[in-house]
Amino acid sequence: MSSKKLFNVVFVLGGPGAGKGTQCEKIQETFGYQHLSAGELLRQERLAPGSQYGEEIDKHIKDGSIVPVSITCSLLLREMRNSSKNNFLVDGFPRNQDNLEGWNKETEGVARVQRVLFFNCPDDICVERCLSRGLTSGRTDDNAESLKKRIQTYRDSTMPIVDHFRKLNLVSEIQGDRSPNEVFEDVKKVFASLK
Ligand SMILES: Nc1ncnc2c1ncn2[C@@H]1O[C@H](COP(=O)(O)OP(=O)(O)O)[C@@H](O)[C@H]1O
Ligand SMILES: O=c1ccn([C@@H]2O[C@H](COP(=O)(O)OP(=O)(O)O)[C@@H](O)[C@H]2O)c(=O)[nH]1
Ligand SMILES: [Mg+2]
């Protein structure tokens with residue numbers, strides 16, 4: 001029997017602009033979980049010198065479609081293995097069935113999903129937030145055209161993953177269309193009761 005400690009992972013899901021990144025920063029500060037944004041890791045990888053995946057990642061991000069799990073999962077696992085932490089927030093992943101299956105395969109005996117935080121936020125507010133973020137983010141996908149596709153991908157591909165975790169009783173759903181501090185009050189309750 002292996003005595004190796006499993007990584008604890010909290011998945012953080014929700015539409016584009018639902019507030020995942022904002023809340024993850026607060027959780028990291030307050031509860032010491034290391035924040036890993038899958039989207040951010042992909043954006044970095046795209047720019048990494050010599051990366052063979054740059055173009056592929058670029059295209060998916062602009063199209064609001066989802067990068068193959070082998071790429072995303074290896075970036076996440078690299079961060080986890082290089083960290084001194086044992087507790088991680090995996091922000092914006094798994095976004096579809098391919099992500100979920102790849103994760104399950106790659107992390108068996110390595111990580112356990114402790115909880116799934118799901119930030120529920122109406123589409124119009126999500127879009128409005130991303131458009132304002134786009135004024136300064138420099139992101140190629142914070143524009144009306146990409147957002148339409150991202151919302152569709154979220155609805156068609158990510159919601160079934162949330163529902164999968166609901167059946168496993170792992171989802172804590174939090175209403176995201178309130179001020180960041182109000183949202184965080186509910187997030188704190190979830191973390192206070194984590195097992
Ligand atoms: N509760 C909130 N109320 C208003 N604006 C918010 C809230 N949470 C985040 N924002 C802003 O909305 C944009 C998207 O938030 P972010 O945390 O990046 O969301 P996500 O990671 O889900 O896309 C950012 O510009 C952020 O500052
Ligand atoms: O596991 C992931 C996470 C992100 N993305 C891509 O990266 C984009 C931006 O994701 P991010 O989570 O940064 O966006 P957010 O929801 O926070 O606005 C997505 O639309 C996808 O194209 C992906 O392919 N796989
Ligand atoms: Mg984000």
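Residues: numbered from 1 along the sequence shown. Atoms within each ligand, like the ligands themselves, are counted from 1 in listed order.
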On a heavy-atom basis, which atom in V190 and which in L117 lie closest, and how many Å separate them?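 Scanning both residues completely, I find the closest heavy atoms to be CG1-CD2, 3.8 Å.
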What heavy-atom pair brings D91 and C24 nearest, and what distance separates the two atoms?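 Distance-wise, the nearest heavy atoms are CB-SG, 3.9 Å.
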For [X] and ligand 1, does the shortest N/O to N/O distance drop below 3.5 Å?
X	value
G17	yes
Q23	no
V183	no
R133	yes
A18	yes

Among all protein heavy atoms, pick the one closest to [atom] and tell me residue, atom and distance.
atom	value
atom 16 (O) of ligand 2	K20 NZ, 2.7 Å
atom 5 (N) of ligand 2	L42 CD1, 3.5 Å
atom 24 (O) of ligand 2	V67 N, 2.8 Å
atom 2 (C) of ligand 2	G92 O, 3.6 Å
atom 21 (O) of ligand 1	G21 N, 3.0 Å
atom 15 (O) of ligand 1	T22 OG1, 3.7 Å
atom 8 (C) of ligand 2	D141 OD2, 4.0 Å
atom 7 (O) of ligand 2	I61 CG1, 3.7 Å
atom 19 (O) of ligand 1	G19 N, 3.2 Å

Would you mind running through ligand 1 and noting each atom that sits below 4.0 Å from a heavy atom of [X]?
X	result
S179	1 (N)
G15	22 (O)
R178	1 (N), 2 (C), 3 (N)

Just jot down the ligand 2 atoms closer than 4.0 angstrom to any heavy atom of [X], in number order.
X	answer
P16	16 (O), 18 (O)
R43	9 (C), 13 (O)
H60	22 (O)
T72	1 (O)

Can you check salt bridge (charged side-chain N to carboxylate O under 4.0 Å, His left out) on E55 and R46, steps first, answer last? CA-CA 7 Å; E55 259 176 56; R46 182 180 57 169; over 6 Å; no
Can you tell me if E40 has over 12 outside heavy atoms packed within less than 6.0 Å of its CD?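 More than 12 heavy atoms, drawn from other residues, nucleotides or ligands, come within 6.0 Å of this atom.
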Purely on distance, is any nitrogen or oxygen of [X] under 3.5 Å from one on ligand 2?
X	value
S37	no
G14	no
R95	yes

With a 4.5 Å cut-off on side-chain heavy-atom distances among I, L, V, M, F, W and Y, is there a chain of contacts connecting Y53 to I66?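 Looking at the clustering, I66 is in a separate group from Y53.
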Is there a heavy atom of S65 sitting under 4.0 angstrom from any atom of ligand 2?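 Yes; S65 lies near enough to ligand 2 that a heavy-atom distance drops under 4.0 Å.
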K62: heavy atom below 4.0 Å from ligand 2, yes or no?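 Not so, K62 does not reach ligand 2.
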Can you find a heavy atom in the side chain of [X] that is under 4.5 Å from one in the side chain of [Y]?
X	Y	answer
L77	T107	yes
V9	M80	yes
V162	M159	yes

Quick one: do [X] and [Y] make a salt bridge, cutoff under 4.0 Å?
X	Y	answer
D123	R155	yes
K59	D63	yes
K188	E185	yes
D142	R150	yes

Pick one of side chain, backbone, both or neither for how R133 approaches ligand 2, counting any non-hydrogen atom pair under 4.0 Å.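 Within the 4.0 Å criterion, R133 contacts ligand 2 through side-chain atoms alone.
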Among K85, E79, R81, whose side chain to side chain contact (heavy atoms under 4.5 Å, CB included) with S83 holds?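 Exactly one candidate clears the test, K85.
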For atom 9 (C) of ligand 2, tell me which residue out of R139, R150, R46 has the closest non-hydrogen atom.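 It is R139 whose heavy atom sits nearest to atom 9 (C) of ligand 2.
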Out of R129, K26, E40, indicate the one that has the non-hydrogen atom closest to atom 7 (C) of ligand 1.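 That would be R129.
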F11 and ring-ring contact (aromatic ring centres under 6.0 Å, His included): which single residue from W103, Y33, F88 fits?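 For F11, the ring-ring contact (aromatic ring centres under 6.0 Å, His included) test succeeds with only one of W103, Y33, F88, which is W103.
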Side-chain donor/acceptor of S146 to backbone N/O of K62, under 3.5 Å: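 Yes; at least one donor-acceptor contact below 3.5 Å.
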Can R178 and D186 be said to form a salt bridge (charged side-chain N to carboxylate O under 4.0 Å, His left out), step by step? CA-CA 11 Å; R178 297 173 291 160; D186 283 350; 2.9 Å; yes
